[in-house]
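Have a look at the structure below, then the notes.
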Amino acid sequence: MHRVVILFQKIKLGFQPRCFSTAETLSNSWAFHRFAKSCKHLEKGKRNLCQTLNNQELVQAELRYYKSKSPKYCKLEGWFKKRLETICDRYASSNNSFVMAVNGIEYFEDDGCIYRKLQKGSPELVLCLDQLQFLQSNDAHFQRIRVSPDQKYLASSIRMPSDESTCVVVMLDPKPLVVHVLPRAFSFEWATDNSLFYTILEKLQSHEVYRLLLGDPRTASEMVYKENDTRFFVELTCTKDGKFITINSNSKTSSEVWLIDRMHPLEAPKVVQERLPELIYHVEHWKNQLYILTNFAATKDYELMKTHISSSGMQNWKTVYAIKEKHKLIDMELVNDNCIMILKCYGRLCLHVFSLKEPETVKSIQLPSWACAIECEAYLRHKANVFCFQLSSPVQPSVSFLYSIDEDEFYMKDDETCLNINKDYKVTRLKAPGMDDILVPITVFHKMTLNEMNDKPLLVHVYGAYGMDLNFDFKPEQMLLLKDGWILAYCHVRGGGELGLSWHRAGRLDKKHIGIDDLQVCLRHLHTMGYSNPRRTALKAGSAGGVLVGGLCNASPELIRAVVLRAPFLDVLDTMLDPSLPLTQEEQEEWGNPLTDQRLFKYIQAYCPYQNIKPQNYPSILITAYRDDQRVLLSGLLKYTTKLRNAVATNYITMGEPQSIILDIQPGDDHYGPTNWEQSLQEIGRHYAFLYKELELDLGGTRP
């Protein structure tokens, strides 16, 4: 799940001097209270120790259970891994992983190394993971690269298999040399060539901003900003014109932005607008004007507003452009004196382009219907009124395009051809009528030549939390399923962000159950429209998507045959009742606080997957968990699996053969799955083997 807060409560016990007379009675009373607190603390520690031992026993029991069930899938798992290797190799790019271009010099990462080269020169090695002795894992990889304004230094973050990251600063000339290592540095931006600002990530929290002045080895980092509210997360970005570094302090429903003038890094940051409840805003700068994307307007959806840099308060904000209802804002680009709004409406991508001098005239450019995801090519951002971007979809690798503002046309890049567009697969966009008659978008993919779809296997993806969209990036492993005749469906339920901020608000707090209802109507609509049937339908989700899938399994298990979950959030109530656990304090704006609100307590209790397990005929379920995951704790998944398996066993006594309920416990603490290539393919192969077996799919002549 998203960033979380872990609170540690410590009790200090000390000695009190001996007193007499009346004071002695008071002292004895205080001493007894202190002794009681000490006993309570010891009892809590004892209870935690017992819980730890119990969890260890459950882990060992689950590992033994998994070992007893794995022969059913083992042979198929290895076969899928080989097929996945072939498919992934087919789509792997032979080109270097391009990162950025600065004044004619290209910087790129390839096979664990960062290089730089002139356009007509040979690559020069800048930094290699193998030369960093502090790395204790072979699975580390470069995550972010920033080059100082005059290319004197390069800073790069290295992500470990855990959520930890380290920033390495390299002096580029005369020969690359590592001059600083910043442990736990998360986001960072250069001001001048000698000043680097960065944040620290610790226990999934980022609350502090530091300034490092290079050139003097005796100079220590200095804190320039500290966030005191544990609900907020601090991150640094740079405005698109490069004039300011922005300190962005965001909770789930509120934000506050501070500006650092890059030409004057020693000056204190200046706040744009002090935070207010439910006020979200993001800041860009262009020609002494602040352009602010905010939900300040009455509709509570995004508008673009502006104000002069010298009067940044919201009382001075004036509307420039309002985003239409049901439109999702993806990004905004400023190209010379023009603004490009990148939008999505019911799954279709489009660009709205207007001059900042005359914002009343808006050009609308519809992007190809196959496109589901867009990524800006920032390194060409300000090239002569041209906007460069990449389009992709779950069945289409990235294709580079450019849009000419002067010509009002978009083209494929010179190095791309129409042959790069995959025409073997069809994308269909549906709208399922919700229980309250609100239309819920669904995006469906399948082979063009697929016939008799009502009996084909269907894999449904869902998330529905935090106002985030489902991931629509190209994934080569899904091509294997499509080749085998699967249908892929993406359900854009409320709680996600596919139709704007209001779509998120309609599925959070005391409206969370709406997301489960939306998923149910999406499944029924897919089956009604002839896409598969319940005995050939599987669900796939991870993290917060587990709440919707787990809720559906309790409410309507007859709609699906199998479920694959990765690090799912399944015990909402107990998690939100315990402020010492992750997913509590910072997550209250998404799920609510049942500790202080009895109404919310009962509401969460009514939809929480763990709380509503009951003896019935559940679908087969495979849960992949990571032993040291800090976001979704293994202890909660152990508890869920045990309760669910007991319910299935109880139902088995009266109803027949039980379904498979499997908890696959993997080492490591990466919430998002393994970063190691081999381990990742092995995990996907395991998931596919489970799905094919549980859906009883005929592999025909391709059987291993």
Side-chain angles (χ1 to χ4, degrees), residues 95-135 140-160 165-200 209-222 224 236-246 260-267 377-383 388:
N95 298 324
N96 295 319
S97 175
F98 185 79
V99 177
M100 62 191 308
V102 181
N103 295 332
I105 298 180
E106 294 180 358
Y107 294 83
F108 60 89
E109 184 270 337
D110 184 38
D111 196 24
C113 296
I114 296 175
Y115 299 88
R116 66 171 176 171
K117 80 179 191 73
L118 293 170
Q119 290 180 349
K120 296 182 180 180
S122 299
E124 176 190 12
L125 179 65
V126 174
L127 182 63
C128 191
L129 292 174
D130 291 342
Q131 73 190 63
L132 301 174
Q133 297 180 357
F134 65 85
L135 292 179
H141 61 275
F142 292 112
Q143 189 174 32
R144 175 188 291 212
I145 294 175
R146 295 291 185 269
V147 179
S148 65
D150 292 331
Q151 303 187 64
K152 185 177 181 180
Y153 295 98
L154 176 145
S156 177
S157 58
I158 301 168
R159 189 173 184 273
M160 316 300 180
S165 67
T166 296
C167 178
V168 176
V169 181
V170 179
M171 185 169 64
L172 293 173
D173 293 315
K175 284 192 174 182
L177 176 67
V178 175
V179 292
H180 277 282
V181 176
L182 304 172
R184 305 189 308 281
F186 174 64
S187 62
F188 47 89
E189 297 288 349
W190 291 98
T192 63
D193 254 343
N194 296 314
S195 54
L196 178 71
F197 289 81
Y198 64 95
T199 63
I200 291 293
V209 179
Y210 291 86
R211 177 179 57 221
L212 173 66
L213 299 177
L214 289 89
D216 184 352
R218 298 169 297 177
T219 301
S221 296
E222 180 183 3
V224 297
L236 299 179
T237 58
C238 189
T239 56
K240 298 179 190 295
D241 66 352
K243 298 293 185 182
F244 293 94
I245 294 172
T246 60
I260 298 171
D261 189 330
R262 293 183 71 193
M263 297 303 295
H264 303 283
L266 298 181
E267 293 182 0
E377 295 184 348
Y379 56 91
L380 294 173
R381 180 176 285 131
H382 301 298
K383 181 182 176 182
C388 299

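All values reported here derive from a predicted model rather than from experimental measurement. Reckoned from all heavy atoms, side chains included, excluding hydrogens, waters and symmetry mates.
By the 4.5 Å heavy-atom criterion applied to side chains, Phe244 and Asp261 are counted as neighbours. Contact check for Val169 versus Phe188: no side-chain heavy atoms found under the 4.5 Å cut-off.
Rounding to the nearest 0.5 Å places CD of Glu109 at 15.5 Å from CZ of Arg144. Rounding to the nearest 0.5 Å gives a distance of 11.0 Å between OH of Tyr198 and CG of Leu236. Note that OG of Ser148 and CG of Leu214 are 9.0 Å apart. Values are rounded to the nearest 0.5 Å. To the nearest 0.5 Å, the span separating CG on Asn103 from CD on Gln151 amounts to 5.5 Å.
Nearest approach of Ser195 to Leu213, heavy atoms of both residues: CB-CD2, 3.7 Å. Nearest heavy-atom pair, Ser122 versus Lys117, reported as atom, atom and distance to 0.1 Å: O-CB, 3.7 Å. Across all their heavy atoms, Arg262 and Cys238 have their closest contact at NH1-SG, 3.6 Å. Summarising the geometry of Lys152 relative to Asn194, their closest heavy-atom pair is NZ-OD1, 3.4 Å, with the distance given to 0.1 Å. Trp190 approaches Thr192 most closely through the heavy-atom pair CE3-O, 3.6 Å. Minimum interatomic distance between Ser156 and Ile145 (heavy atoms only, all atoms of both residues): OG-CG1, 3.9 Å.
With sequence neighbours left out, the side-chain contact (heavy atoms from CB on, under 4.5 Å) criterion links Val181 to Phe134, Thr166, Val178. Applying the ring-ring contact (aromatic ring centres under 6.0 Å, His included) criterion to Phe197, with sequence neighbours excluded, gives no partner residue. Legend: residues meeting ring-ring contact (aromatic ring centres under 6.0 Å, His included) with Tyr115, ordered by chain and number and at least two apart, are Phe108. Scanning for ring-ring contact (aromatic ring centres under 6.0 Å, His included) contacts around Phe142 gives an empty result, with sequence neighbours left out. Partners of Asp173 according to the side chain to side chain donor-acceptor pair (under 3.5 Å) rule, which considers only residues two or more places apart in sequence or in another chain, are Arg116. Glu267 pairs by the side chain to side chain donor-acceptor pair (under 3.5 Å) definition with nothing, not counting sequence neighbours.
Here the side chain of Thr199 pairs a donor or acceptor atom with the backbone of Ser187 at under 3.5 angstrom.
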